[in-house]
Asker: 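Below is a structure I'd like to ask you about.
Count residues from 1 along the sequence. Whatever order the structure lists them in is the order used to number ligands and atoms, beginning at 1. The model shown is predicted, which means the values in this text are computed figures rather than measured ones.
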Amino acid sequence: MVLKEVGSTNNYLKDLLSNSKPVADGTVIMAESQYAGRGQQQNRWHSEDGKNLTFSLLLKPTFLPIGQQFDLTRAISLGVVSALGQATSENVQVKWPNDIYYGDKKLGGILIENMVQGSQIRNSIVGIGLNINQVDFPPEVPNPTSVKQILHRDYDLKVLLSQICANIEAWYLKLKAGRYKEIRGAYLEKLYWLNQERDFASDNESFKATIIGVRNEGLLVLSTKNGEKEFNLKQIQFLNK
Ligand code: BTN
C-alpha cells in the first residue's frame, strides 16, 4: 500500500495491528512523505517528500527463538545491502547493527520493532528508510549519501522497492530454514570496519580498537589494548575521521 503522507509507516502498521482485523505477513506500507519519521535511539528520520524510500514491512517470525532476534536484524540488513549493492556498487555495507553504508557515508537505516508474546515474536515491524534521489540534506543529518549521489541519476523508487523486498524475502527464507551459520557469515562479510583498527568512544572516552566479531545475540566485539570487550548500541560510538 502506498500512502501519500503519514507520520511514520512503523506507527501506521502498529495501529493497523491494534485494530482487530488481521494484517497479512509480508504487508508493505510505503509513504511518499513522512512528517514524523522515527530513527533508532529516539532520533528523527528526515526524508525529502517523494524522493526516497520510507516503508515498513510486517513479518511474523514466530519460528524464531526469542534469543535469536538479532538473526532477523542480520537477514533484513543483508536483504537491503544485497539489493542496494546490485543497484549501485558492491561497496554497500552494514554498519553494526543495521545502518546501511556506502564508503563512510550513511545511505539509510532500519528500525525493527518486535512485538513479543510469551517466548514468541508475534509481529515484527521492519521500518526501512533509504536515501535514493535526494541530494541536499539538512546540516543536522550526520554523514548522508544517496543512490543518486553514487549513480548521478535518478532511480525508480518502485523498482528499487520491489528489488529490496525480493532480496529481503530470500534472506528471510534462509532464516526460516534455520541457516544461521550462513546468515552470520554473510553479515560479517558485509560488516563495515571489520578487522580494521579504528577510533571508537565509550563512556566519553575515545580509544583505538578493532571489530573482531558480533555475538550471536548481537553484541559488538572489539579487540582493545585491554583485551576483548563487548558493547551494546548505547555503549559504543564509531568515530569517523
Ligand atoms: C535509523 O535511525 O537509522 C533508522 C531509520 C529508520 C527510518 C524508517 S523510514 C520508514 C520507517 N518509519 C519510521 O518512522 N521509521 C522507519
Asker: Do Pro61 and Leu72 make a side-chain contact, defined as non-hydrogen atoms from C-beta onward lying under 4.5 Å apart?
Answerer: yes
Asker: Which of the numbered atoms in ligand 1 are below 4.0 angstrom from a heavy atom of Arg38?
Answerer: 5 (C), 6 (C), 7 (C), 13 (C), 14 (O), 15 (N), 16 (C)
Asker: Which of the atoms of ligand 1 are close to Gly37, meaning less than 4.0 Å from one of its heavy atoms?
Answerer: 14 (O)
Asker: Heavy-atom distances under 4.0 Å are what count here, so tell me which part of Gln41 touches ligand 1: side chain, backbone, both or neither.
Answerer: neither
Asker: Do the ring planes of Tyr172 and Phe63 sit parallel (below 30°), tilted (30 to 60°) or perpendicular (above 60°)?
Answerer: perpendicular
Asker: Go through it in stages, so that I can follow the logic: the residues are Lys106 and Asp99, the test is salt bridge (Lys or Arg N to Asp or Glu O under 4.0 Å), and I'd like the CA-CA distance, side-chain angles, deciding distance and then a yes or no.
Answerer: CA-CA 7 Å; Lys106 181 160 167 166; Asp99 277 351; 3.0 Å; yes
Asker: Is it the side chain, the backbone, both or neither of Asp99 that has a heavy atom closer than 4.0 Å to ligand 1?
Answerer: side chain
Asker: Considering only heavy atoms of Gly39, which atoms of ligand 1 have at least one such atom less than 4.0 Å away?
Answerer: 1 (C), 2 (O), 4 (C), 5 (C)
Asker: Please give me the minimum heavy-atom distance between Lys190 and Val92, naming the atom from each residue.
Answerer: CD-O, 3.9 Å
Asker: With a 4.0 Å heavy-atom cut-off (strictly under), which part of Ile128 contacts ligand 1: side chain, backbone, both or neither?
Answerer: backbone
Asker: Taking the six-membered ring for Trp, are Tyr192 and Tyr101 parallel (under 30°), tilted (30 to 60°) or perpendicular (over 60°)?
Answerer: tilted
Asker: Any idea which atoms of ligand 1 are less than 4.0 Å away from a heavy-atom of Asn10?
Answerer: 11 (C), 12 (N)
Asker: Quick check on contacts: which atoms of ligand 1 are under 4.0 angstrom from a heavy atom of Ile110?
Answerer: 4 (C)
Asker: Looking at side-chain heavy atoms only, is the closest gap between Leu151 and Thr88 below 4.5 Å?
Answerer: yes
Asker: List the closest protein heavy-atom neighbour of atom 10 (C) of ligand 1: residue, atom name, distance to the nearest 0.1 Å.
Answerer: Thr9 OG1, 3.2 Å
Asker: Looking at Lys176 and Glu169, is any side-chain nitrogen of the basic one under 4.0 Å from a carboxylate oxygen of the acidic one?
Answerer: no
Asker: Starting from atom 3 (O) of ligand 1, locate the nearest protein heavy atom and write down its residue, its atom name and how far away it is, to 0.1 Å.
Answerer: Lys106 NZ, 2.7 Å
Asker: Using a strict cut-off of 4.0 Å, indicate which atoms of ligand 1 neighbour a heavy atom of Ser8.
Answerer: 12 (N), 13 (C), 14 (O)
Asker: Identify whether NZ of Lys or CZ of Arg in Lys148 sits under 6.0 Å from the centre of the six-membered ring of Tyr155 and within 45° of that ring's axis.
Answerer: no
Asker: I need the minimum non-hydrogen distance between Gly108 and Trp45, along with the two atoms involved.
Answerer: CA-CH2, 3.9 Å
Asker: Show the atoms of ligand 1 that are less than 4.0 angstrom away from any heavy atom in Trp45.
Answerer: 3 (O), 5 (C), 7 (C), 9 (S)
Asker: Nearest non-hydrogen contact with atom 12 (N) of ligand 1 belongs to which option: Glu113, Arg44, Gln34, Gln40?
Answerer: Gln34
